[in-house]
**Q** 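Shown below is the structure under consideration.
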Amino acid sequence: MIRDPIPAPGALADASRRRWLQGVGAAGLVAGGATLSPAGAARAAALKTHARIVIAGSGLGGLALANRLSRMLDGAKITVVDAKKEHNYQPGYTLVATGVWPVGKVRDANARFMPAGVEWVQEMVAEFDPAGNAVVTTSGRRIGYDFLVVATGLHLDYAQIEGMDVGAIGRDGLASVYASPQAAQATWSALDAFRRRGGTALMTLPAGPLKCAGAPLKMTFMVADRLRRAGTLAASKILFHTGLPQDTVFGVKVVNDKVLAYWDAFGVERHHLSKLVAVDIGARRATFASPEGERQEVPYDFLHVVPPMRAPDAVKNSALAAQDGPMAAGGWLEVDKDTLRHKRFPNVFGIGDINGTPRGKTAATVKKSAPIVAHNLVEAIAGRDADQKFDGYTSCPLIVREGSAMLIEFDYDGRLTPSLPMIEPLQESWMAWLMKYRMLKPAYLAVLKGRV
């Protein structure tokens, strides 16, 4: 049974809140290590060019680059290729899935963020032809380029889990925060029903690269919080099955050890090297496999599915994908981790989840890397070397319970890189919660518009 050693969040003194907010205000709205550019700040003269630039994808990375490049270049032809008409604030999915936010807070129109003068081809890229400097859309249209930015995001490979039905999320205790705003909302429906009666919560985490690696941990913390608030925690069990090795749930060791200490304190039962391979939704039974192929069937009342993730087929099946090494199996974009320039096609750059880098599939990664990619691409257009380097910055506001979080920031080497005053990275606080709940979305929108 689950113990409950964590007290309910208490109120932080008003004076402390005011001091912290004043500090943030003086910095000009800091979010994950970035400061919003002041209005009217001097800008470098735009580079005159007739270069044709194709941006594949209109998520945070694609739109951030489109907005930046439209101001940094004079005369360039910029084309964004993506059929997606709705823009989703994915960092807010965990808040929707745990009943903190309404789903409307994570949904917007892509057209609202598309810069003037940029051509928007509302189709998906079906094929990349880097040798021919072209992309081919789903309708068969061939679009040539001088420079390409790959910002496709990744593919949620639910198909690897036998019996999984994304359309069933929200029913029979089935949950998954990743699939869409609707899936996040349906996840809250399943969690809301579960917390009222309690039972067995089965949380999952696959091995391999995935976006927002903290999300499965946040969901585990918040399931415990929702059970506690409903008075059903003591009569419930939380089981965490992961494909990762023993005593590993997060890639940064000091953060990993902190999370495990929390979970040990309130009795989360961990099962390592245990991969979710099948689910019987109607019977509420999940099947896990060990590396040796041994299978175990586990009954549940609530199941949170985190699918394996890989590159979209158009990238994975192209010459742009990593040819060998740890990134080859997932078909990730083969970029230099420092410049984010393709290793074999120098007129190709990558941004966001698609990149085959050691870390960095978060919105914070895009925030830090978008100015670097834009600068390096402009330098390439001008015939100069890509001279700015990305350090792998990633930020994870790790929710511990409603009203309290830890703001974890780190680089490629797993070194903590705290950037905000009065927030200790391994100390849970209301201030870190405030960043997640209230301040990160305005900063995200500033990144989207190319202002950060």
Side-chain angles (χ1 to χ4, degrees), residues 1-6 94 97-98 160-161 173-178 187 190-191 194-195 198-228 232-279 284-309 396 398-401 404-406 408 410 414 426 428:
M1 297 302 175
I2 301 297
R3 301 184 297 279
D4 182 20
I6 302 178
T94 51
T98 54
Q160 284 196 36
I161 304 167
L174 183 66
S176 183
V177 73
Y178 282 98
T187 291
L191 176 54
F194 168 69
R195 67 175 177 141
T200 298
L202 190 51
M203 315 301 290
T204 68
L205 173 65
L210 70 158
K211 66 162 60 191
C212 191
L217 313 186
K218 299 174 196 179
M219 289 300 297
T220 302
F221 277 116
M222 286 298 284
V223 165
D225 182 67
R226 290 312 184 213
L227 289 167
R228 179 182 61 77
T232 53
L233 180 63
S236 298
K237 292 193 300 183
I238 301 177
L239 311 179
F240 191 89
H241 281 252
T242 174
L244 296 173
Q246 191 68 27
D247 295 329
T248 304
V249 296
F250 197 75
V252 178
K253 184 173 179 4
V254 291
V255 179
N256 177 79
D257 293 349
K258 182 77 171 181
V259 170
L260 295 187
Y262 270 116
W263 288 1
D264 287 344
F266 59 80
V268 172
E269 184 181 309
R270 301 194 311 274
H271 299 263
H272 293 271
L273 298 175
S274 182
K275 178 185 178 181
L276 178 66
V277 294
V279 57
R284 299 197 185 201
R285 301 187 74 84
T287 302
F288 296 88
S290 71
E292 296 75 30
E294 296 179 1
R295 295 167 78 94
Q296 175 191 15
E297 194 173 75
V298 182
Y300 63 83
D301 299 292
F302 176 84
L303 169 66
H304 183 251
V305 175
V306 180
M309 301 181 195
C396 177
L398 191 56
I399 299 169
V400 176
R401 59 180 183 267
S404 190
M406 295 182 289
I408 310 298
F410 51 94
L426 295 178
E428 62 166 296

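Note that the structure is predicted; figures quoted are calculated from it, not measured. FYI, side chains are in, hydrogens and waters are out, and symmetry mates aren't considered; it's all heavy atoms of this structure.
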**Q** Rounded to the nearest 0.5 Å, what's the gap from CD1 on Ile399 to CG on Asp225? Could you check?
**A**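 Reported value, rounded in 0.5 Å steps: 9.5 Å.
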**Q** Any non-hydrogen side-chain atom of Arg285 less than 4.5 Å from a side-chain atom of Val279?
**A**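 Result no, sub-4.5 Å side-chain heavy-atom pair not found.
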**Q** Check the pair Val259, Thr220 against side-chain contact (heavy atoms from CB on, under 4.5 Å), reporting the backbone distance first and the verdict last.
**A** CA-CA 10 Å; Val259 170; Thr220 302; over 6 Å; no
**Q** When rounded to the nearest 0.5 angstrom, what distance separates CD in Gln296 from OG in Ser274?
**A**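 If I round to the nearest 0.5 Å, the distance is 6.0 Å.
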**Q** Evaluate Leu217 against Phe240 for side-chain contact (heavy atoms from CB on, under 4.5 Å), listing each step before the verdict.
**A** CA-CA 9 Å; Leu217 313 186; Phe240 191 89; 4.0 Å; yes
**Q** How far does CZ of Phe302 sit from CE of Met219, to the nearest 0.5 angstrom?
**A**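 Here the interatomic distance stands at 5.0 Å.
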**Q** Under 30°, 30 to 60°, or over 60°: which ring-plane class applies to Phe288 and His241, parallel, tilted or perpendicular?
**A**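 Parallel, since the angle between the ring planes stays under 30°.
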**Q** Hey, does the side chain of Tyr262 reach the backbone of Val400 with a donor-acceptor pair shorter than 3.5 angstrom?
**A**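 A pair under 3.5 Å: no.
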**Q** To the nearest 0.5 angstrom, please state how far the OG1 atom of Thr232 sits from the CZ atom of Arg226.
**A**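 CZ of Arg226 is found 11.5 Å from OG1 of Thr232.
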**Q** Counting C-beta onward and ignoring hydrogens, is there a side-chain heavy-atom pair between Val306 and Pro216 closer than 4.5 Å?
**A**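 The answer is yes; the side chains approach within 4.5 Å.
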**Q** To the nearest 0.5 angstrom, please state how far the CD1 atom of Ile238 sits from the OG1 atom of Thr200.
**A**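 Atom-to-atom, Ile238:CD1 and Thr200:OG1 are 10.0 Å apart.
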**Q** Find out whether Val298 and Leu239 are in side-chain contact, i.e. whether some heavy atom of one side chain is under 4.5 Å from a heavy atom of the other.
**A**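 Yes - at least one pair of side-chain heavy atoms lies under 4.5 Å apart.
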**Q** Grab the two heavy atoms, one from Leu174 and one from Ala190, that are nearest each other, plus how far apart they are.
**A**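 Heavy-atom minimum between the residues: O-CB, 3.7 Å.
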**Q** Donor-acceptor pair, Asn256 side chain versus Val249 backbone, under 3.5 Å?
**A**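 Such a contact is found between Asn256 side chain and Val249 backbone.
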**Q** Could you give me the CA-CA distance, side-chain angles and deciding distance for Leu398 and Lys218, then say whether side-chain contact (heavy atoms from CB on, under 4.5 Å) is met?
**A** CA-CA 6 Å; Leu398 191 56; Lys218 299 174 196 179; 3.8 Å; yes
**Q** Between Tyr178 and Leu210, is the side-chain contact (heavy atoms from CB on, under 4.5 Å) condition met? List the steps.
**A** CA-CA 10 Å; Tyr178 282 98; Leu210 70 158; 3.7 Å; yes
